[in-house]
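Indexing begins at 1, ligand by ligand and atom by atom, following the structure's order.
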Amino acid sequence: MTAEEKKFQTETQKILDLMINSIYTNQEIFLRELIANASDAIDKVKFQSLTESDILEGDSDFEIWLDVDEENDVFTIKDNGIGMTYDEVVENIGTIAQSGSQDFLQKLQERQAAADDEALDLIGQFGVGFYSSFMVADKVTLITRAPKEDKGVKWESTGDGTYTIEEVDKPKRGTTIKLQLRDEFTADGEELDITNRRNIERLVQKHSNYVAYPIKMKCYEEDDEGEVTEQIKTLNDMKPLWIRNKSDIEEEDYNEFYKEVFTDWADPLEVIHSKVEGLVKYSTLLFIPQQAPSNIFSDDFDQGLRLYSKNNFVMDNCSKLLPDYLRFVRGLVDSPDFTLNLSRQVLQDDKQLKIISKNLKKKVLKRLKSMLGDDREKYKEFWNEFGQLIKGGINMTHGKEQDKLVELLIFPSSHSDSEMTTLAEYVERMPEDQDVIYYVTGEDETTVEKLPQMELLQEKGLEVLYFFDEVDEFVINNLQEYDDIEFKSVLRGDLDLDDADDDIDADEDEVEELLEDIKGHLDDKVSDVRLSKRLKSSAVCLVSGDVGLSMSMEKVLEKMDQNMGQAQRILEINPQHELFSKLKEIHTTEGNSDRLAEYSELLYSLASLVEGFTPEDPVEFSDKITELMVEAK
Ligand SMILES: Nc1ncnc2c1ncn2[C@@H]1O[C@H](COP(=O)(O)OP(=O)(O)OP(=O)(O)O)[C@@H](O)[C@H]1O
């Protein structure tokens, strides 16, 4: 049979013309496309051999071979997959039936109509399988034989509108594709030198490292004496850990894989590996690192998972798969439903991707929840690194998602020096008559435990959550309540601890007048001056109003250069304290005197100091204290 010349379909020719004449980016993907086809073809023959054992014809070492002929500038890829019959070659290679190519053409036409300069960059997003060979080759020759066929088929084209096809002898099953490389892609050319074996090796590692069959090539190593030895190298890792059964994988395997693929020096804190066979089919291998990268909060952080389609790399940093607050999760998803040429635009509204994304989120949150329940130490490690992101997530979500995140919160509290508590645990410990969740904001344990405002709660043995992280109060503000129980800052408003209302040893009217006069002196600083129900041994304290900004929020916002105004300040005076008796004495004997004015200022400055604010005029403050000390002699 002589070679028959056939014409390409018009659509196919359009693609070929583009490959040959217009596309100048991403040419290297041709190799990924050809390897993926070879790997698919091996999948097919392997699968078919399960029911028809004789189709393997004794050739069952599945391999993909690459080779370069440096002299003649020819690149070859060979597989022992399913091959193609004559009719299949005509059908598969001469026409454009594949969805990827059709989408590509359609998008291309739309963009060309819109005179979009980026029209040609589409190739990077779509690739178009076999045809991408024409980006790097002047002539493509494909020789193939299907199992049990007597003859093989040779297909050849220079991409100029026609191809030839003829029967040939081919003893071995499978497909060989030879690319006569364009000059640009040879050692003398300007572009990537495809005759260079190291370049090939690099491309395989970049795009096809986890293809399940060995990709082999002859390589030549030169030793120090200049002696060259030939060796056959397997270029890919072939360790798609995620498709192996969990029971066959050791912890060490996961650790090594994670460190190598996601370039971390430390083992992962947690590994989540699962296979889903349902409406959507996918395997996923996710890792929670031990340490947050330093740029995790910055824009240049490469967030997102890797996508593979049947072990072929599709895309890196796909951020659509997990919500922003889980940006610390590294890993990959492999689904046969992803096409190799999945573009970021297509991803936007890919239904399957949405289902996968929902599942992954659930999976990660569920794992964190069980870590919290089963291994608190480990969870604390996680929390120290990534707790802030979960808190941020609470501020960004609502409804059920927010409820799930709230269950992940842990705080230090007055209950234990070393253990942190969840909100649920706090609520469980609450005495029956306690109807709010108390919290206090501050620097650290030592500071908050010494706060005057904590005295009464300490005395009553009421548990207080410690908020040392600046965002904590914002999170609680956002939540308002947990399990229908409100949060109550120890540093805000009234504490409403009924029996704290001890008798005040003074005439009510006189006390009221005294407080009014002090308030008059501090008119521009505080909204109220009142007797404290929370102080036990300290003389004064400042608290914020029940609503609006708190003083700690004010500090945070100020640090962020966001001036949202001042928190409302209320000066509380301890009626049991000697200082209060002294104030009363001054007021009774001197009335609203200058001394009372001076004392009022001092009280305010003292209370501010405890809150971590510097007195408005530190020099004047220190002068007055010195004066008082001298008088005390
Ligand atoms: N090495 C091969 N062995 C057997 N069949 C092949 C081989 N390469 C290509 N084919 C056949 O040719 C068809 C067209 O291949 P092509 O790479 O153009 O598109 P595809 O792989 O089907 O789709 P896409 O690349 O868009 O995912 C394949 O579906 C397959 O049937």
What atoms in ligand 1 come closer than 4.0 Å to a heavy atom of I93? 12 (O)

What orientation do F262 and F287 show, parallel under 30°, tilted 30 to 60°, or perpendicular over 60°? tilted

Taking the six-membered ring for Trp and the full ring for Phe, Tyr or His, determine whether the centres of Y254 and W242 are under 6.0 Å apart. no

Distance flag, aromatic centroids of F30 and F75, threshold under 6.0 Å: yes

Atom 11 (C) of ligand 1: which of E91, E88, R32, M84 has the nearest heavy atom? M84

Do F382 and F328 make the cut of ring centroids closer than 6.0 angstrom? yes

What do you reckon, does F130 have a nitrogen or oxygen under 3.5 Å from a nitrogen or oxygen of ligand 1? yes

Ligand 1 versus E33: contacting region, heavy-atom distance under 4.0 Å: side chain

Identify, by atom number and element, the atoms of ligand 1 in contact range of N92, meaning under 4.0 Å from any of its heavy atoms. 11 (C), 12 (O), 13 (C), 14 (C), 31 (O)

Between Y308 and F338 (judged by ring centroids, cut-off 6.0 Å), do the two rings come close enough to count as a pair? no

Could you pull out every donor-acceptor pair under 3.5 Å between side chains of residues 137-147 and any protein atom, sequence neighbours left out?
from : atom 1 : to   : atom 2 : distance (Å)
T141 : OG1    : E156 : OE2    : 2.6
T144 : OG1    : M84  : N      : 2.9
T144 : OG1    : G174 : O      : 3.3
T144 : OG1    : T175 : OG1    : 2.9
R145 : NE     : K170 : O      : 2.8
R145 : NH1    : E149 : O      : 3.1
R145 : NH2    : E57  : OE1    : 3.1
R145 : NH2    : P171 : O      : 2.8

Test of understanding: given a 4.0 Å heavy-atom threshold, classify the contact between D79 and ligand 1 as side chain, backbone, both, or neither. side chain

Without placing hydrogens or testing angles, list every side-chain donor-acceptor pair under 3.5 Å for residues 200-207, not counting sequence neighbours.
from : atom 1 : to   : atom 2 : distance (Å)
E201 : OE2    : K233 : NZ     : 2.9
Q205 : NE2    : L235 : O      : 3.4
K206 : NZ     : E28  : OE2    : 2.8
H207 : NE2    : E28  : OE2    : 2.9

How does T144 reach ligand 1, by side chain, by backbone, by both or by neither, if only non-hydrogen atoms under 4.0 Å count? neither

Relative to atom 4 (C) of ligand 1, which among A41, S309, A36 owns the nearest non-hydrogen atom? A41

Are any of the N or O atoms of N37 closer than 3.5 Å to those of ligand 1? yes

